[in-house]
Amino acid sequence: VRIFRADRSTLSLSTQGDTIHLADANGVTIDSVYYEPGWHNPNLIDVRGIALERINPFGPSNDPENWGSSVVEKGGTPMGPNSLFATPETFPDQDDIVLEPNPFSPDGDGVDDNLFINYKLNHPDYLLRVRIFDRYGRLVRTLADGKPAGLEGTLIWDGRRDNGMENRIGIYVVYFEAFNSAAGRNRTIKKTVVLARQL
């Protein structure tokens with residue numbers, strides 16, 4: 001049984017950013033998020049009436065990479081699955097990364113729009129630096145720079161550059177670095193991914 005109670009007549013939230021808390025009957029917070037308008041697709045001129053959707057419901061609530069603009073024509077999917085819904089399926093068995101889906105197609109159709117970079121490490125005290133390079137070796141996106149890793153996790157790439165612009169179709173290199181300067185442990189993994197779109 002699911003019960004939802006809202007203490008306001010509408011669920012309209014500020015387009016300038018807002019905080020949302022989900023609590024149980026005793027007032028204990030189950031989840032919360034402070035969203036920013038910059039989490040919307042930067043290629044949309046007007047996002048009024050377009051829902052901001054969580055991609056992976058099991059991913060971090062406050063990770064901007066885990067949110068995006070709804071891709072359905074009516075602007076949202078109330079009472080149904082998010083149009084961007086996706087969850088990582090495959091994790092490595094040991095100290096490695098898995099890229100899925102590969103190829104991926106960030107074309108806004110709600111299918112394979114995001115790349116999941118799933119990792120598993122042999123120590124919990126690494127920091128991550130994860131960068132995406134094009135086939136000419138040019139840096140196009142930094143996904144993490146000094147992010148605490150834990151033993152396993154997922155990063156999401158929406159196929160865009162750091163400035164929000166779309167990348168061209170082609171082969172990209174995911175350069176995954178896990179480092180612990182204090183212990184002198186470093187791990188570097190390079191793998192390729194194909195960014196595709198319908199022609």
Side-chain angles (χ1 to χ4, degrees), residues 35-47 50 52-56 59-60 62-71 83-84 86-92 94-122 126-150 152-181 184-199:
Y35 72 89
E36 298 280 349
W39 293 5
H40 273 287
N41 182 335
N43 298 303
L44 296 176
I45 296 169
D46 185 5
V47 295
I50 299 176
L52 192 58
E53 295 183 344
R54 193 169 178 173
I55 298 166
N56 176 6
N62 286 295
D63 181 358
E65 301 299 327
N66 197 27
W67 293 84
S69 303
S70 179
V71 298
S83 64
L84 299 178
T87 57
E89 297 178 6
T90 308
F91 277 82
Q94 53 189 351
D95 193 28
D96 202 357
I97 65 172
V98 171
L99 307 178
E100 66 173 9
N102 190 3
F104 78 115
S105 57
D107 53 11
D109 67 354
V111 178
D112 296 337
D113 282 335
N114 295 286
L115 174 71
F116 289 103
I117 303 168
N118 305 324
Y119 64 87
K120 186 172 282 190
L121 299 168
N122 55 9
Y126 283 112
L127 297 177
L128 295 181
R129 180 169 48 213
V130 180
R131 296 172 291 168
I132 311 292
F133 294 88
D134 67 14
R135 63 185 178 151
Y136 300 108
R138 297 177 296 208
L139 177 65
V140 296
R141 186 72 179 268
T142 300
L143 292 178
D145 193 3
K147 174 186 173 78
E152 65 180 34
T154 299
L155 298 170
I156 301 173
W157 183 35
D158 59 6
R160 295 189 193 106
R161 302 176 196 168
D162 281 326
N163 64 7
M165 299 296 290
E166 293 181 351
N167 280 296
R168 296 179 177 168
I169 60 173
I171 298 172
Y172 290 83
V173 177
V174 176
Y175 195 74
F176 181 96
E177 297 173 278
F179 56 92
N180 180 338
S181 300
R185 287 193 300 266
N186 295 304
R187 179 78 173 99
T188 301
I189 303 167
K190 288 189 278 187
K191 291 195 175 179
T192 58
V193 63
V194 175
L195 190 157
R197 286 192 179 88
Q198 290 185 350
L199 300 175

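Everything numeric here is computed off the predicted structure, so don't read it as measured data.
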Peer 1: Show the numbers, then the answer: is there a salt bridge (charged side-chain N to carboxylate O under 4.0 Å, His left out) between D107 and R197?
Peer 2: CA-CA 6 Å; D107 53 11; R197 286 192 179 88; over 6 Å; no
Peer 1: Indicate whether the side chain of T154 and that of N118 have a donor and an acceptor atom separated by less than 3.5 Å.
Peer 2: yes
Peer 1: Can you confirm if the aromatic rings of W157 and F116 lie within a centre distance of less than 6.0 Å?
Peer 2: no
Peer 1: Is there a donor-acceptor pair closer than 3.5 Å between any side-chain N or O of R160 and the backbone N or O of N41?
Peer 2: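 Side chain of R160 to backbone of N41, a donor-acceptor pair under 3.5 Å: no, none is there.
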Peer 1: Just by modelled atom types, is the L115 backbone N or O under 3.5 Å from a matching donor or acceptor in the E100 side chain?
Peer 2: no
Peer 1: Quick one: CG on L121 to CG on D96, what's the gap to the nearest 0.5 Å?
Peer 2: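 Rounded to the nearest 0.5 Å, the CG-CG separation comes out at 9.5 Å.
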Peer 1: For L139, I'd like to know if atom CG has over 12 heavy atoms of other residues, nucleotides or ligands within 6.0 Å.
Peer 2: yes
Peer 1: Counting distance only, does the side-chain N/O of N114 pair as donor-acceptor with the main-chain N or O of G159 below 3.5 Å?
Peer 2: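 No, because the side chain of N114 does not come within donor-acceptor range (under 3.5 Å) of the backbone of G159.
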Peer 1: If you define the side chain from C-beta out and look only at heavy atoms, does anything of V130 sit under 4.5 Å from V174?
Peer 2: yes
Peer 1: Quick check: does any side chain N or O of K191 sit under 3.5 Å from a backbone N or O of I97, one acting as donor and the other as acceptor?
Peer 2: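 Flag set: sc K191 to bb I97 pair under 3.5 Å.
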Peer 1: Where is the tightest heavy-atom contact between T192 and N102, given as atom of each residue plus distance?
Peer 2: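 Where T192 meets N102 most closely, the heavy atoms are O-ND2, 3.1 Å.
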Peer 1: Is atom NZ of K147 surrounded by more than 12 heavy atoms (other residues, nucleotides or ligands) closer than 6.0 Å?
Peer 2: no
Peer 1: Side chain to side chain contact (heavy atoms under 4.5 Å, CB included) for I132 and L143? Distances and angles first, verdict last.
Peer 2: CA-CA 8 Å; I132 311 292; L143 292 178; 4.1 Å; yes
Peer 1: Decide side chain to side chain contact (heavy atoms under 4.5 Å, CB included) for F133 and R138; before the verdict, give the C-alpha distance in whole Å, the side-chain angles of both, and the deciding distance to 0.1 Å.
Peer 2: CA-CA 5 Å; F133 294 88; R138 297 177 296 208; 5.9 Å; no
Peer 1: Please evaluate residues Y119 and F176 with respect to the criterion side chain to side chain contact (heavy atoms under 4.5 Å, CB included), reporting the C-alpha separation (whole Å), side-chain torsions for both, the decisive distance (0.1 Å), and the verdict.
Peer 2: CA-CA 9 Å; Y119 64 87; F176 181 96; 3.6 Å; yes
Peer 1: For E53 and S69, does a side-chain donor sit closer than 3.5 Å to a side-chain acceptor?
Peer 2: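 The criterion, which ignores hydrogens and geometry beyond distance, is not satisfied for S69 and E53.
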Peer 1: Contact between I156 and I117 at the side-chain level, heavy atoms closer than 4.5 Å - yes or no?
Peer 2: no
Peer 1: Which value, rounded to the nearest 0.5 Å, describes the distance between N180 atom CG and N186 atom CG?
Peer 2: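 With rounding to 0.5 Å, CG (N180) is 8.0 Å from CG (N186).
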Peer 1: Please name the pair of heavy atoms, one in A196 and one in P106, separated by the smallest distance, quoted to 0.1 Å.
Peer 2: O-CD, 3.9 Å
Peer 1: Apply salt bridge (charged side-chain N to carboxylate O under 4.0 Å, His left out) to D95 and R187, showing your working.
Peer 2: CA-CA 9 Å; D95 193 28; R187 179 78 173 99; 2.7 Å; yes
Peer 1: Could you give the distance from CG (D158) to CG (L84), rounded to the nearest 0.5 Å?
Peer 2: 10.0 Å
Peer 1: So does G110 get a backbone contact from the side chain of D113, meaning a donor-acceptor N/O pair under 3.5 Å?
Peer 2: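 Yes: the side chain of D113 pairs with the backbone of G110.
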Peer 1: Just wondering, do R54 and N66 contact through their side chains at under 4.5 Å, heavy atoms?
Peer 2: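 Sidechains of R54 and N66: in contact.
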Peer 1: Which pairs count as side-chain hydrogen bond (donor to acceptor under 3.5 Å, both in side chains) when at least one residue sits in residues 166-179, sequence neighbours excluded?
Peer 2: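 side-chain hydrogen bond (donor to acceptor under 3.5 Å, both in side chains) check on residues 166-179 returns R129-E177, R131-E177, R161-N167.
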